[in-house]
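Structure first, then comments.
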Amino acid sequence: MTAEHIAPPVAALFPGKEVRESVEDRLTRALADAAQRVLAGPVMPDIDLVALRRELAAFDFSAPRPLQELIDWAIGSLEHGTVHMTHPRYFGLFNPPANFPSQCADRISGAFNPQLASSGSSPAPVAIEQHVIRAFARRAGLPEDSTGHFTTNGSEANCTALICALTRADPAFADEGVRVFQGPVAMYTSRECQPAWHKIAHQSGIGRSALKLIATDGAGRMEVRALAEAVREDRRRGIVPVLISATAGTTGAGMVDPLEPCATLARECNIWYHVDAAWGGAALCSDRLRGELAGIELADSVTIDAHKWLATTMGCGMFITREPAILSEAFRVGAEFMPSSAIGIDPYLNSVQWSRRFMGLRLFLSLAAAGWQGYGAHVERAVQVIECAKARLLARGWSVVNDSRLAVLCVLPPAGSPPVREIVSRVLASRRAWVAVAKLEGRDVLRICATHGETTLTDIDELVAALEAAR
Ligand SMILES: *Cc1c(COP(=O)(O)O)cnc(C)c1O
């Protein structure tokens, strides 16, 4: 090799314009065809895993293969090898079929691949993300100077809340860690919280035993008196309370903790107040439903996942806070090599991530295309789907055990039916619909959630028929 020679680009990785265009055109059509087949097929995967493993074993990566062939193989694997969240009879966990504008956004950010760590390298993307974050902050009723960022998910946003809480509780936490506190620290959320809090307590260094799970009121909402009692009792024992997290839309039953009373308690006790609205935060878009989240405006920080009820592609959470200075303090770092900028907030100086994808474009395009009104209609439609399912099941002797105005329904079958777990496994085996077993106040319930934007009355009838056949 001489200093005057470099090899041609690796064509498999960087094909020419013509090849790209033809592969992309075919890909667009192949994905549309696959989507049609998914709608007509079963909700559950029907892949032969033994065959798949054999095929995988043949990928020893010793010889290159044509991309076209690989794309077809990948589409087939996803078409047959996943529970289809894109199916209108997926009444499942908070996983949406991705709305179309967010899919367009992924293509755009994939093509430009901007580095969102710094506003120096990505002035426009960082400004767009900030604009969306502020729009949601205002919608939630938080102060004008609130800030935040996009996260990979709700867990990262919740973890960020805990780090901010610790940072505000004692400025020396930054250098000394939790040993700076007078005693063991504690955070509080309800028994019905999303279980990632256990991992967050672990990874943040406060330890899993620092997570205090407060009793609920029999209907899945945090009991404020029990919360106040726990905080008082812990203080008496030398424990240092740092964070209260109320859930607005519990994962199991869509219940909203008493947001205002929790805020009042947190303020009186000088504890960081977080509202985990990962799923339920979408209700802010609807003028009819946003009142369900009254009190969210009192939060120090809020988590909202756009990849749940707002139906963007996966991995699009938001952390929003009224404390910009604490956020900057929590993630400050010096890095000479980073492009500096005076024009705005640098994500790498205000969040867990460093290299980061342009996630916010997904929500920007969706919200701009639909407007608050369109997003509100999407959210209200999900509630209508649940109301229809509820009416049909009540008429057939089922009972409703959660009192949520959001789009989750928890039911129990009529007396004499098999246990909920048995019914759910029969429904899944029938492949006609996807529903879950959840725990509400310690007992198994059958959980039906509407996240799909295109579910029809026919789909609801099919769900009800599948449930009836399974009991
Ligand atoms: C989904 C969810 C989380 C976790 O969010 P991920 O995006 O899955 O990490 C946290 N809290 C609540 C209430 C949730 O519904």
Side-chain angles (χ1 to χ4, degrees), residues 83 85 90-98 102 136 140 148-163 165 187-204 211 213-214 216 220-222 243-259 262 273-284 292-293 295-296 299 301-320 351-353 356-357 359-360 362-363 379 382 386 402 404-410 436 438-440 447-451:
V83 173
M85 280 122 211
Y90 176 78
F91 293 97
L93 307 178
F94 295 147
N95 305 309
S102 71
F136 266 88
H149 53 267
F150 282 86
T151 61
T152 49
N153 56 25
S155 308
E156 183 196 329
N158 284 348
C159 186
T160 301
L162 177 55
I163 293 165
M187 65 154 289
Y188 306 79
T189 185
S190 95
R191 251 191 236 154
E192 298 275 333
C193 75
Q194 209 275 351
W197 280 112
H198 294 275
K199 299 201 296 180
I200 292 166
H202 184 149
Q203 80 203 45
S204 68
L211 175 64
L213 297 182
I214 303 301
T216 39
R221 286 176 295 242
M222 183 142 66
L243 171 70
I244 292 172
S245 173
T247 310
T250 56
T251 313
M255 301 306 298
V256 179
D257 287 340
L259 301 184
C262 288
Y273 180 46
H274 180 66
V275 174
D276 178 3
W279 171 73
L284 290 171
E292 295 296 303
L293 305 190
I296 195 171
S301 59
V302 174
T303 290
I304 301 175
D305 271 348
H307 66 257
K308 286 184 170 167
W309 205 349
L310 296 171
T312 69
T313 48
M314 270 291 166
C316 193
M318 282 183 279
F319 176 77
I320 305 173
S351 68
V352 171
Q353 295 179 45
R356 105 185 356 255
R357 185 180 168 87
M359 291 175 279
R362 300 161 176 173
L363 186 57
V379 167
I386 288 303
N402 70 327
S404 172
R405 280 199 62 212
L406 306 181
V408 179
L409 181 63
C410 295
K439 282 254 190 263
L440 175 58
R447 179 184 178 283
I448 299 166
C449 174
T451 48

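Any value given below was found using the heavy atoms of this structure, including those in side chains, with hydrogens, waters and symmetry copies removed. Each ligand, and each atom within it, is numbered from 1 in the order the structure gives.
Under the 4.0 angstrom criterion for non-hydrogen atoms, G317 is not in contact with ligand 1.
Residue D305 has at least one nitrogen or oxygen atom sitting less than 3.5 Å from a nitrogen or oxygen atom of ligand 1, judged on distance alone. Not a single N or O atom of W279, backbone or side chain, sits closer than 3.5 Å to an N or O atom of ligand 1. Looking at ligand 1, you'll find an N or O of D276 within less than 3.5 Å of one of its N or O atoms. Between G154 and ligand 1, a contact under 3.5 Å exists for at least one N or O pair. Of the N or O atoms in H307, one or more lie within a sub-3.5 Å distance of an N or O in ligand 1.
The two residues W309 and A282 make their nearest non-hydrogen contact at CB-CB, 3.4 Å. Across all their heavy atoms, S245 and D276 have their closest contact at OG-CB, 3.9 Å. Nearest heavy-atom pair, F319 versus A157, reported as atom, atom and distance to 0.1 Å: CD1-O, 3.3 Å. Taking both residues in full, the closest heavy atoms of V352 and E156 are given as CB-OE2, 3.8 Å, listed atom of the first, atom of the second, then distance. Taking all atoms of both residues into account, the shortest heavy-atom contact from S204 to L162 is OG-CD2, 3.3 Å.
Considering only heavy atoms from C-beta on, F94 stays 4.5 Å or farther from D305 through its side chain. Side-chain contact between L406 and W279 is present, with heavy atoms from C-beta onward closer than 4.5 Å.
For ligand 1, the atoms lying closer than 4.0 Å to a non-hydrogen atom of G249 are 13 (C). The F94 neighbourhood of ligand 1 comprises atoms 15 (O), with distances under 4.0 Å to a heavy atom of that residue. Applying the 4.0 Å criterion to heavy atoms of T251 picks out, from ligand 1, the atoms 12 (C), 13 (C), 14 (C), 15 (O).
Here atom 15 (O) of ligand 1 lies nearest to K308 when heavy atoms of M314, K308, E192, Q194 are compared.
Protein heavy atom closest to atom 9 (O) of ligand 1, with residue, atom name and distance, is S155 OG, 2.6 Å.
Only the side chain of N158 comes within contact range of ligand 1, with a heavy atom under 4.0 Å; no backbone atom does.
If you check the side chains of N158 and T303, you find a donor sitting under 3.5 Å from an acceptor.
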